[in-house]
A.B. asks: 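After the C-alpha cells below, expect a handful of questions from me.
By convention in this document, chain letters (A, B, ...) are assigned in the order of the sequence lines, proteins followed by strands, and residues within each chain are numbered from 1.
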Protein chains: 2
Amino acid sequence: MSNLSTTSDEIIRCARSLIIAGGYNGFSYADISEVVGIRKASIHHHFPSKADLVRILVARYREEAQAGIAELERYHPDPVDQLRAYTGYWAECIGDATSTFCVCALLASEIPVLPQEIVLEVRAHFRALSAWLASVLERGAARGTLVLTGTARAEAETFMATVHGAMLSARAYGDPAIFGVITQPLMARLGAVHT
Amino acid sequence: MSNLSTTSDEIIRCARSLIIAGGYNGFSYADISEVVGIRKASIHHHFPSKADLVRILVARYREEAQAGIAELERYHPDPVDQLRAYTGYWAECIGDATSTFCVCALLASEIPVLPQEIVLEVRAHFRALSAWLASVLERGAARGTLVLTGTARAEAETFMATVHGAMLSARAYGDPAIFGVITQPLMARLGAVHT
DNA sequence: TCGTATCTACCTTCTAGTAGGGAGTTTGTC
DNA sequence: GACAAACTCCCTACTAGAAGGTAGATACGA
C-alpha cells in the first residue's frame with residue numbers, strides 16, 4: 001500500500017469501466033491485461049476468478065457510494081438539496097462520460113446469468129440506496145418541502161427506478177441530456193422548491 | 001409457411017428468452033442449438049451471423065409491440081386505461097415469468113458493445129414507445145383525466161424510464177411485486193382517477 | 001529465506017463462423 | 001407428365017481465435 005495506486009486497484013478500476021460499457025459477459029481478462037499492461041496470469045494472481053474480481057469490485061463500489069452519500073449529506077443538510085445533488089451527480093457523470101451508468105444497475109439487468117455472490121452484492125446496493133432515498137423523502141415530507149403521494153418507501157423505489165431508467169434512456173438515445181429531461185419532472189412532481 | 005411455427009421462428013423465440021436472461025453476450029449459438037434441437041450450423045443457415053439474428057429478432061419484437069399497442073388502444077379508448085393496461089401488461093409478464101424484461105431495455109444497457117445495426121433498432125423502439133406515451137398523456141391532459149407537471153414529451157420519457165427502472169428493481173430484488181409498488185405511485189401522481 | 005508480484009507457456013472449453021454434402025421439395029421446360 | 005436444375009434445410013466436420021484458468025519459473029524486497 002505504498003503506492004497511491006496499486007496494480008489491483010488499477011485492475012478493478014479498469015474492470016469497472018469495462019463492465020459499465022458491456023456488463024459481466026462483455027469483457028475478459030485479456031481486455032484488462034491489454035489496458036493495464038500486465039499478463040492475464042498476473043490478474044489471476046490478484047483475483048483468482050472473474051467472479052471474485054467482480055464481487056470485490058462491486059463491494060468497493062458500494063463502499064464508495066456510501067461514502068459519497070455521507071459526504072453529500074454533510075454538504076447539503078436539506079432533503080431537497082440532497083435529492084438534487086444525487087441526480088446532479090449522475091447528470092454530471094453521464095454528461096462528461098466519466099461513468100455513463102451505475103455499475104450495480106447494469107449488473108442487475110444480467111442477474112439471471114450472474115454468479116450468486118455478485119447478485120447478493122448488487123441486491124444489497126439496491127436496498128441501501130432505496131433505504132437512503134426513503135429516509136430523505138421522509139425528512140423532506142416532515143419539513144413540508146417535499147410532497148409524497150404514497151408511502152416514503154414506495155416513492156423512494158419509484159425515484160430510484162426513474163433515475164436508473166433515465167440512465168438507460170440516455171444510453172438508448174445516445175444523448176446525455178435526456179437524463180436531465182427525465183429527472184427534472186421527477187423533482188418537480190415531488191414538489192421540490194427551487195433555491 | 002405451412003407450419004404454424006417454423007424453425008427460424010423457434011430460433012428467434014429461443015434467442016429472445018436467452019437475451020432477456022443475459023443480454024447479447026450472455027448466450028451463444030450452442031445454447032440455441034440445444035434448446036431448439038438443431039445443429040449450430042443450421043442456425044447459421046437461417047441467420048448468417050449473431051448480429052443478423054438479434055437485429056431481426058428486435059425488429060420483430062418492435063412489430064409485435066406496435067401491434068400490441070394498437071390492440072390496447074382498440075380495447076381501451078380512455079388514456080388513463082391505456083396507461084394502466086400498459087403497466088398491467090408488464091406487471092403480468094414479470095409476475096408469471098413470461099418475460100421478466102423488455103428485450104430492448106435490456107439490450108439498451110449494453111449499447112456500447114452492441115453492433116451498430118442493433119443499436120439503431122433498439123433506439124427506434126425507445127423513440128416509438130415514448131412517442132406513443134406522449135400522445136396518450138396529451139390526450140389525457142386534454143380530457144382532464146391526467147395532470148401533467150411538465151411537457152407531455154418530458155412526462156412520457158419519465159414514465160417510460162420509471163417502467164424500465166421498475167423492471168430492473170424487480171430483477172435486482174428478485175421480487176416481481178416491486179414492479180407494482182413502483183408503477184402505482186407513478187399512476188397516482190399523474191392524477192389517474194380510478195374506474 | 002519467505003512472500004509477493006510478475007512472467008512464459010500451456011490447457012481445456014467455448015466462440016462464431018465456414019466448407020461441403022445429402023435429402024427432400026419446387027420450379028421451369030420440353 | 002417426365003426430368004433436370006435450383007432451392008431449402010439440415011447435417012458432419014472443421015477452423016481460428018478467444019475464453020477462463022493453471023503450473024511452474026523468476027525477480028526482488030523485507
A.B. asks: Hey, is the side chain of A:His46 poking within less than 4.0 Å of OP1 or OP2 on C:dT4, counting only N and O atoms?
C.D. replies: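 For C:dT4, OP1/OP2 do not have a side-chain N/O of A:His46 under 4.0 Å.
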A.B. asks: Does any pair with a residue in residues 47-76 of chain B pass ring-ring contact (aromatic ring centres under 6.0 Å, His included), and if so which ones, sequence neighbours excluded?
C.D. replies: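 Of all non-adjacent pairs touching residues 47-76 of chain B, those that pass ring-ring contact (aromatic ring centres under 6.0 Å, His included) are B:Tyr61-B:His125.
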A.B. asks: Using the side chain to side chain contact (heavy atoms under 4.5 Å, CB included) criterion, which residues pair with B:Ala156? Sequence neighbours excluded.
C.D. replies: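 With neighbours one apart ignored, the set is B:Leu133, B:Ala134, B:Leu137.
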A.B. asks: Spell out, yes or no, whether B:Val36 and B:Leu57 are grouped together once hydrophobic residues are joined by side-chain heavy atoms under 4.5 Å, including indirect joins.
C.D. replies: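 Yes; tracing contacts between hydrophobic side chains, which count when under 4.5 Å, links both residues.
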A.B. asks: Strictly below 4.0 Å: does A:Thr7 bring a side-chain N or O up to OP1 or OP2 of C:dA5?
C.D. replies: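 No, outside the criterion.
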A.B. asks: Could you write nucleotides 11-29 of chain D as a row of B, S and -, 5' to 3', where a protein heavy atom under 4.0 Å of any base atom gives B, of only sugar-phosphate atoms gives S, and otherwise -?
C.D. replies: BB------SBBBB------
A.B. asks: Looking at residues at least two apart in the chain, or sitting in another chain, which of them share a side-chain hydrogen bond (donor to acceptor under 3.5 Å, both in side chains) with B:Glu121?
C.D. replies: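 For B:Glu121, the residues satisfying side-chain hydrogen bond (donor to acceptor under 3.5 Å, both in side chains) (neighbours in sequence not counted) are B:Arg62.
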A.B. asks: Could you give the CD1-to-P distance, from B:Ile11 to D:dC9, as a whole number of Å?
C.D. replies: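 Between P of D:dC9 and CD1 of B:Ile11: 10 Å.
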A.B. asks: Could you list the residues that satisfy ring pair (Phe, Tyr, Trp, His ring centres under 6.0 Å) with B:Phe27, not counting sequence neighbours?
C.D. replies: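 Partners of B:Phe27 by the ring pair (Phe, Tyr, Trp, His ring centres under 6.0 Å) criterion come out as none, since no residue qualifies.
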A.B. asks: Whole angstrom is fine here: how far is it from CG in A:Asn25 over to P in C:dC14?
C.D. replies: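 Checked: the CG to P distance equals 14 Å.
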A.B. asks: May I have all residue pairs that pass side chain to side chain donor-acceptor pair (under 3.5 Å) and include part of residues 98-112 of chain B, sequence neighbours excluded?
C.D. replies: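 As it turns out, the side chain to side chain donor-acceptor pair (under 3.5 Å) pairs with a partner in residues 98-112 of chain B, which skip direct neighbours, are B:Asp96-B:Thr98, B:Thr100-B:Arg171.
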A.B. asks: Of all residues at least two apart in sequence or in a different chain, which pass the side-chain hydrogen bond (donor to acceptor under 3.5 Å, both in side chains) check with A:Trp132?
C.D. replies: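 side-chain hydrogen bond (donor to acceptor under 3.5 Å, both in side chains) list for A:Trp132, sorted by chain: A:Glu73.
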A.B. asks: Filter on side chain to side chain donor-acceptor pair (under 3.5 Å), then keep only pairs touching residues 15-27 of chain A, sequence neighbours left out; what's left?
C.D. replies: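 Listed by first then second residue: A:Arg16-A:Glu64.
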A.B. asks: What does the list of N/O pairs under 3.5 Å between the protein and nucleotides 5-7 of chain D look like, with a distance for each?
C.D. replies:
none

